[in-house]
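Here is the structure we will look at.
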There are 2 protein chains.
Amino acid sequence: MIMQTREERHRKILELVADQYIGTQTDLEIALRKEGVRVTQATLSRDIRELGLVKIASGGRYRYASQKIIDSSTTTKHSMHASLASVKRFVRKIDWSGTTVVIITDSGAAAHVAEAIDVLELAEVLGTVAGDNTIFLVIQRDMSAKKVVKHLESLLG
Amino acid sequence: MIMQTREERHRKILELVADQYIGTQTDLEIALRKEGVRVTQATLSRDIRELGLVKIASGGRYRYASQKIIDSSTTTKHSMHASLASVKRFVRKIDWSGTTVVIITDSGAAAHVAEAIDVLELAEVLGTVAGDNTIFLVIQRDMSAKKVVKHLESLLG
DNA sequence: CGGTTTTGTGCATAATTATTCAGGGAATAT
DNA sequence: ATATTCCCTGAATAATTATGCACAAAACCG
């Protein structure tokens, strides 16, 4: 089975929905085909779920978009999230200030990455909020945000 | 035409999706019926579009959620607010770190709880961000987040 | 007032999306 | 190598959502 790698496809999907008006999964299928990626609607339905994209009314029409905000707390129990290793490719930068860790990701990928971090259930992390390409982790007050950064960096390889 | 006003229905829809796990429009139809509101799926499809709700993967399943983030910085434009007492049951945990207060709520309830807090117009609070189950309150830099936590806790009983 | 427009809704159905099932390929174990 | 397992995918289809149409109620207007 010839696969352009699923990773690459996911990246392209995030780019495409950020860039152009993708109203249906078939639209996305066509847009991807122009990029040299050929998959069926069924696969895109799965991709969209995994990337956490949403279809939303925009100007009277519908379009796919990356969630503006998703959040997660360390109390979240839901299973079936992407692993950190699998989202590593989206992470551009990690830094911290005070008790907040800031993670910069590729555009549109923050929600996805945040979920992967959330699943780690790091004890030092009080909560997480992700926007489009930025994630905030708030760290427990007597803990070292720097240490959390180190830890995340090691997990990311 | 029997209706308790469209507006009231919209309000109930927001409550329901924040409160419980609504996976399909038919789920919503049923939930509304229990509240004494009877409409068809077609109408709910229209309502959902107008309210800007989105269907998103959450824990391997789908659910409807509000896409809007409540980014209140006392810019409260919503008219109907729940009182703190009435949202108390959604609050799971309150903690703080640095100048940020983190509130964890039941899944989907963060926006509602945030609104209730917002209405208080606490002077120390610079702004609020709410996702699905996490709220961040950013406190003025020389103020005590701890004190705000205490205050909230006392208000919550 | 009577006529016109606007709005909101259900019904039926089209359009879209999610999932089941089967199979292929890669990785791992025997 | 062969078998086993796991992951990914397409095809077909089930499930869900969006919408064209018709109509009734409300709002607007002369």
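Per chain, numbering begins at 1; letters A, B, ... match sequence-line order.
When only modelled atom types and interatomic distance are considered, B:Q41 and B:E29 share no side-chain donor-acceptor pair under 3.5 Å.
The nearest whole Å value for the distance from the CZ atom in A:R38 to the P atom in D:dA11 is 10 Å. We find that CZ of A:R6 is positioned 14 Å from C1' of C:dA26, with the value rounded to whole Å. Going from atom CD of A:E8 over to atom P of D:dT9 covers 12 Å, rounded to whole Å. Between B:I13 atom CD1 and D:dT17 atom P there is a gap of 13 Å when expressed in whole angstrom units. Regarding B:E29, its CD atom lies at a distance of 13 Å from the C1' atom of D:dT16, rounded to whole Å. Note: CZ (A:R63) to P (D:dA18) measures 16 Å, nearest angstrom. D:dT19 atom C1' lies 15 Å from atom CZ of A:R61, rounded to whole Å.
One finds no salt bridge joining B:R46 and B:E50 here, because no Lys/Arg side-chain nitrogen approaches an Asp/Glu carboxylate oxygen to under 4.0 Å. The residues A:R141 and B:D95 are annotated as salt-bridged, a charged nitrogen and a carboxylate oxygen being separated by less than 4.0 angstrom.
Residue A:R9 places at least one side-chain N or O under 4.0 Å from the OP1 or OP2 atom of D:dT9.
The two atoms that bring A:R6 and A:D47 nearest to each other are NH1-OD1, 4.1 Å, heavy atoms only.
Tested against A:I135, the residues A:I94, A:V91, A:V113 include a single side-chain contact (heavy atoms from CB on, under 4.5 Å) partner, A:V113.
In this structure, A:R49 is not positioned above the aromatic face of B:Y62 in the sense of NZ or CZ being under 6.0 Å from the six-membered ring centre and within 45° of the axis.
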Report summary line: Its contact letters, B for base, S for sugar-phosphate only and - for none at protein heavy atoms under 4.0 Å, make nucleotides 17-22 of chain C read BBBB--
